[in-house]
Every structure is written in C-alpha cells, then in structure tokens.
Amino acid sequence: MSAIAQIVQDLSNFNHILNATSMVKEIKTEILIDATPEKVWTILTAFDNYPIWNPFIKSVQGEVKVGSIITARIEPPETKGMTFKPKILTVKTNKELSWLGHLFFAGLFDGEHKFELIDNGNGTTTFRQSEKFNGILVPLFKKQLDNNTKKGFIEMNKKLKELAEQ
C-alpha cells in the first residue's frame, strides 16, 4: 500500500471513530405566542433591535436575505459569548429564517440555527427555535449546549413572546 493510500485509510478509520462518538447534536425549543406570525416575524427580523430585547442573541448585523453573510453575537447564560459570521440559508417571510455558522472553519463546529413560525390559524403562532450542530468538537461542547445554550434559546423565546404580545 502506498503512503497516500495508507493516509486515506487512516483518515477513513479516524472518521468512523469520530462518527461513533456522535458529532451531531440538536437543540429544539418552542413557545406559543398570542400574536400573528406577521407580528412575530417583524420583531424577529428587525436585527437592529436585538440589543434592546434579546438576552441570547445580543446583536445581528446584516441583511435578512438568502446568501447574506451576517455578524452575530451570542451570549448564552453563564458562559463566554462569541461572535461569528454565519450565512443566511433560508428566508421564508412569516415562516422561517435560518443560517449556518462555523467556528473558525467548516467541519470543526458548525451550527445551523433555525427559527420557525407556525401559524395556528387562530391568531397565535408556535415559535420554534432549533440548532443542529455538526463537527469534530461537538462532543466537547455537548454539556454546554444542553445546558447554557438551551437556556439561552428559552430566555430568547420568552422575551420574543413578551414583546409580540404587547
């Protein structure tokens, strides 16, 4: 076996080991908001107002447009905050907004953050916030994601509800 073939084989074996240690983690939260999806969407996409009301995503700069690179600052409870530059993947007015961010580079620690607004047909909205994490560092951050990050989602959901229901 050539040296290159051996390296490819070793990487393949390493990848199987990493996959076995679960490099994927998903967090999901939801809250019922007594407001229309249109009202919730207006608040959610007014990035300039995040510093005023959002306890988790402290700031977002950039356009709400597919393909746009935004700058986001998150501060989960009881942890250091971080700033990253995700790319907006989905913008479905009054329904869904998502972005994909990376820690340093793709494959290390990636997060696809999604906001979903479900119209319940009675003037209320089910707001679902989720994030799917992938990458070789996910197992190292699993406890923090389950605790601090999820708490941040819940706090943001509550504040969004409070604001939308005014």
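Here, residue 1 is the first one in the sequence, and each next residue gets the next number.
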Exercise. Who are the side-chain hydrogen bond (donor to acceptor under 3.5 Å, both in side chains) partners of Glu26, not counting sequence neighbours?
Worked result: none

Exercise. Is it true that Met82 and Leu140 fall in one hydrophobic cluster, defined by side-chain heavy atoms closer than 4.5 Å?
Worked result: yes

Problem set entry | Partners meeting side-chain hydrogen bond (donor to acceptor under 3.5 Å, both in side chains) with Glu30 (sequence neighbours left out) | Arg128

Problem set entry | By salt bridge (charged side-chain N to carboxylate O under 4.0 Å, His left out) - contacts of Asp34 (at least two apart) | none

Using residues 64-77 as the side-chain source, report each donor-acceptor pair under 3.5 Å to any protein atom, sequence neighbours left out, with the distance given to one decimal.
from, atom 1, to, atom 2, distance (Å)
Ser68, OG, Glu63, O, 3.2
Thr71, OG1, Lys85, NZ, 3.4
Arg73, NE, Glu75, OE2, 3.2
Arg73, NH1, Thr83, OG1, 3.3

For this session: Quick one: pull up CD in Glu165 and CG in Leu160 and give me the separation to the nearest 0.5 Å.
Result: 9.5 Å

Seminar exercise, completed: Taken in chain and number order and not counting sequence neighbours, the residues that satisfy side-chain contact (heavy atoms from CB on, under 4.5 Å) with Asn147 are Lys143

For this session: Determine the minimum heavy-atom distance between Ala164 and Ala35, stating which atoms define it.
Result: O-CB, 3.6 Å

For this session: Evaluate side chain to side chain contact (heavy atoms under 4.5 Å, CB included) for Lys25 paired with Asn134, printing each intermediate quantity in order.
Result: CA-CA 7 Å; Lys25 172 76 184 151; Asn134 293 288; over 6 Å; no

Exercise. What pairs with Glu162 under side-chain contact (heavy atoms from CB on, under 4.5 Å), at least two apart in sequence or on another chain?
Worked result: Lys159

What donor-acceptor contacts under 3.5 angstrom involve side-chain atoms of residues 95-113, with partners at least two apart or in another chain?
from, atom 1, to, atom 2, distance (Å)
Ser98, OG, Thr90, N, 3.3
Ser98, OG, Thr90, OG1, 2.6
His102, ND1, Asp110, OD1, 2.7
Asp110, OD1, Gly107, N, 3.1
Asp110, OD2, Gly107, N, 2.9
His113, ND1, Glu131, OE1, 2.6
His113, NE2, Gln129, OE1, 2.9

Exercise. What's the verdict on side-chain hydrogen bond (donor to acceptor under 3.5 Å, both in side chains) for Thr29 and Asn157, showing C-alpha distance, side-chain angles and the deciding distance?
Worked result: CA-CA 8 Å; Thr29 60; Asn157 295 358; 2.8 Å; yes

Exercise. Mind checking whether Ile33 and Ile154 sit in one hydrophobic cluster, side chains of I, L, V, M, F, W, Y counted as touching below 4.5 Å?
Worked result: no

Exercise. Is Lys161 atom NZ crowded by more than 12 heavy atoms from other residues, nucleotides or ligands, each under 6.0 Å away?
Worked result: yes

Exercise. Hey, quick one: are Ile88 and Ile43 part of the same hydrophobic cluster, counting side-chain heavy atoms closer than 4.5 Å, chains of contacts allowed?
Worked result: yes

Exercise. If you look only at pairs with a residue in residues 38-48, which of them pass as a salt bridge (Lys or Arg N to Asp or Glu O under 4.0 Å), with sequence neighbours excluded?
Worked result: none

Seminar exercise, completed: Ile27 meets the side-chain contact (heavy atoms from CB on, under 4.5 Å) criterion, sequence neighbours left out, with Phe133, Leu145, Thr149, Lys150, Phe153

Exercise. What is the distance from atom CG of Leu117 to atom OG1 of Thr93, rounded to the nearest 0.5 Å?
Worked result: 10.5 Å

Exercise. Do Phe115 and Phe84 share a hydrophobic cluster, counting only Ile, Leu, Val, Met, Phe, Trp and Tyr and linking them when any side-chain heavy atoms are less than 4.5 Å apart?
Worked result: yes

For this session: Report the residues that fulfil side-chain contact (heavy atoms from CB on, under 4.5 Å) with Asn120, sequence neighbours left out, ordered by chain and then residue number.
Result: Leu32, Ile118, Asn122, Thr124, Thr126

For this session: Could I get the full list of ring-ring contact (aromatic ring centres under 6.0 Å, His included) partners for Phe47, not counting sequence neighbours?
Result: Tyr50

For this session: Apply side chain to side chain contact (heavy atoms under 4.5 Å, CB included) to Thr45 and Val91, showing your working.
Result: CA-CA 10 Å; Thr45 56; Val91 177; over 6 Å; no

Report all side-chain donor-acceptor pairs from residues 54-62 shorter than 3.5 Å, counting only partners two or more places apart or in another chain.
from, atom 1, to, atom 2, distance (Å)
Asn54, OD1, Phe56, N, 3.0
Asn54, OD1, Ile57, N, 2.9

Problem set entry | Atom pair NZ/CD of Lys80 and Gln144 - distance to nearest 0.5 Å | 11.0 Å

